[in-house]
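Protein chains get the first letters and strands the later ones, always in sequence-line order, with residue 1 at the start of each.
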Amino acid sequence: MKILDRAFFGRNTQIVAAELIGKILVLNQGGSLVSGKIVETEAYFGADDPASHAFRGVTPRNRVMFGPAGVSYVYFTYGNHHCLNIVTEADGVAGAVLLRALEPLSGLSIMKKRRGAKHQTTALANGPGKLTQAFGITRDHSEIDMTRGPFFVAEKAEEGFVHVQTAKRIGISAAQHLPYRFYLRGNPFVSVQ
DNA sequence: AAGGGGATTGCCT
DNA sequence: GGCAATCCCCTTA
């Protein structure tokens, strides 16, 4: 397993979002390790993207999106849920990839405890809010450098063929036609095929 | 200082 | 399939 570095994230957001499909998100905290394969992402840009938090320029909330790549950006929405993003593009350029769904790999029992025992394995992290709940991610996990542990993304030594499907983003009211969502085609852990 | 909307989820019908 | 839950942040006054 090789940890993705800042050079990986410091590129065009659309490319990073597509290439994150199939990579492994790992969080090792409090003596418990949880991990999952990234099966769904969305790209968010800056001034050219009306659906992005960064569309109207720098604010206290979104300023991390303008900073160095490979840093986490966690925000709270709808009064209930956290969403996890990873900052992209060169330092000074706004961009981030929203992680929308994971296929759980390690720490299944921990995720089930956090999400509620009634949930199937496929429902543990098949949505941006579910994913953060399963991993125990809150705003405390924002602005963390993810290019080293204990919170990082890695790629397996040997990666099989990854069929990345492109689609429109979900749950936004602006720029709905843009093909900025990416998912692992046919994977049952994707929120919407 | 206040109001409105939001990159969602789960429960109820 | 519809809607409430519930809070933070941006916008405007």
Side-chain angles (χ1 to χ4, degrees), chain A residues 9 12-21 25 34 36 38-67 69-89 93-104 111-144 146 153 164-184 188-193:
Chain A
F9 294 106
N12 177 280
T13 306
Q14 224 172 323
I15 293 173
V16 177
E19 292 192 9
L20 276 174
I21 301 298
L25 178 70
V34 288
I38 298 169
V39 298
E40 184 177 345
T41 63
E42 283 180 2
Y44 286 89
F45 291 90
D48 298 329
D49 185 357
S52 172
H53 286 178
F55 179 57
R56 296 173 193 282
V58 183
T59 68
R61 177 170 73 151
N62 69 20
R63 67 186 169 84
V64 63
M65 284 185 71
F66 293 80
V71 175
S72 61
Y73 169 44
V74 179
Y75 64 86
F76 188 78
T77 191
Y78 291 106
N80 292 319
H81 305 289
H82 297 276
C83 291
L84 170 64
N85 304 254
I86 306 177
V87 175
T88 57
E89 306 283 350
V93 179
V97 174
L98 169 68
L99 302 191
R100 284 192 54 90
L102 301 174
E103 175 178 337
M111 295 190 210
K112 280 182 180 157
K113 188 180 293 180
R114 288 174 178 151
R115 291 273 301 127
K118 61 182 178 292
H119 291 291
Q120 302 286 328
T121 302
T122 49
L124 289 180
N126 65 334
K130 300 177 189 178
L131 179 163
T132 53
Q133 189 182 10
F135 271 58
I137 291 170
T138 66
R139 267 195 312 283
D140 292 342
H141 297 81
S142 196
E143 302 188 48
I144 292 175
M146 296 183 68
V153 182
V164 178
Q165 177 73 41
T166 304
K168 292 184 260 188
R169 293 179 291 191
I170 294 177
I172 56 174
S173 54
Q176 298 177 351
H177 64 287
L178 297 172
Y180 289 168
R181 184 165 76 99
F182 306 92
Y183 61 90
L184 192 52
F189 298 86
V190 171
S191 69
V192 181
Q193 290 286 341

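- Computed from coordinates, the A:R100 CZ to B:dT9 C1' distance equals 12 Å when rounded to whole Å.
- Residues A:L84 and A:K118 both approach DNA chain B. Their nearest nucleotides, taken by heavy-atom distance, put A:L84 toward the 5′ side.
- Note: CZ (A:R114) to P (B:dT9) measures 17 Å, nearest angstrom.
- Comparing C:dC10, B:dT9, C:dT6 by their nearest atom to the side chain of A:N80 picks out C:dT6.
- The distance between atom CD of A:E40 and atom P of B:dT8, rounded to the nearest whole Å, is 10 Å.
- Within the shown strands, nothing qualifies as a pairing partner of B:dA7 under the Watson-Crick or G-U definition with both distances less than 3.5 Å.
- Comparing B:dA7, C:dC8, B:dT9 against the side chain of A:R139 picks out C:dC8 as the nearest.
- Whole-Å rounding puts the A:Q176 CD to B:dA7 P distance at 11 Å.
- A:R61 places its CZ atom 11 Å from the P atom of B:dG6, with the value rounded to the nearest Å.
- In this structure the side chain of A:R169 never reaches within 4.5 angstrom of the side chain of A:L98, judged on heavy atoms.
- Atom CG of A:L99 and atom C1' of B:dT8 are 16 Å apart (whole Å).
- Contacts of A:R56 with the nucleic acid, taken as non-hydrogen atoms under 4.0 Å apart, involve only primed sugar atoms and P, OP1 or OP2.
- Checking B:dA7, C:dC8, B:dT8 against the side-chain heavy atoms of A:H81 singles out B:dT8 as nearest.
- The CG atom of A:D140 sits 13 Å away from the P atom of C:dC8 (whole-angstrom rounding).
- Applying the 4.0 Å criterion to OP1 and OP2 of B:dT9, one finds that A:R115 has every side-chain N and O outside that range.
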Inset, instruction - Might you work through the side chain to side chain contact (heavy atoms under 4.5 Å, CB included) test for A:F76 and A:R139, ending with a clear yes or no? - result: CA-CA 7 Å; A:F76 188 78; A:R139 267 195 312 283; 3.2 Å; yes
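- Within 4.0 Å (heavy atoms only), A:R181 reaches no atom of the nucleic acid at all.
- The distance from atom NE2 of A:H82 to atom OG1 of A:T132, rounded to the nearest 0.5 Å, is 6.5 Å.
- Side-chain proximity of A:I172 to the nucleotides B:dG10, B:dT9, B:dA7 is greatest for B:dA7.
- Scanning atom types as modelled, one donor and one acceptor separated by under 3.5 angstrom connect the side chain of A:Y75 and the base of B:dA7.
- With B:dT8, B:dA7, B:dG10 as the candidates, the nucleotide lying closest to the side chain of A:M65 is B:dA7.
- The separation between A:R63 atom CZ and C:dC8 atom P is 17 Å, rounded to whole Å.
- At the phosphate of C:dC10, OP1 or OP2 sits under 4.0 Å from a side-chain N or O atom of A:T59.
- Regarding contacts with the backbone of B:dA7, every side-chain N or O of A:K130 stays at 4.0 angstrom or more from both OP1 and OP2.
- Residue A:F76 places its side chain closer to C:dC8 than to any other of C:dC10, B:dT9, C:dC8.
- Here C:dT6 sits opposite no nucleotide as a Watson-Crick or G-U wobble pair (both hydrogen-bonding atom distances under 3.5 Å).
- Residue-environment remark: CG (A:N80) exceeds the threshold of 12 foreign heavy atoms within 6.0 Å.
- A:T41 OG1 to A:L20 CG: the interatomic distance, rounded to the nearest 0.5 Å, is 6.5 Å.
- Heavy-atom nearest nucleotides on DNA chain B were determined for A:N126 and for A:S173, and the one closer to the 5' end corresponds to A:S173.
- At the heavy-atom level, A:L98 lies under 4.0 Å from base atoms of the strands shown.
- Looking only at atom types and distance, the side chain of A:R114 has no donor-acceptor partner in the side chain of A:Q133 under 3.5 Å away.
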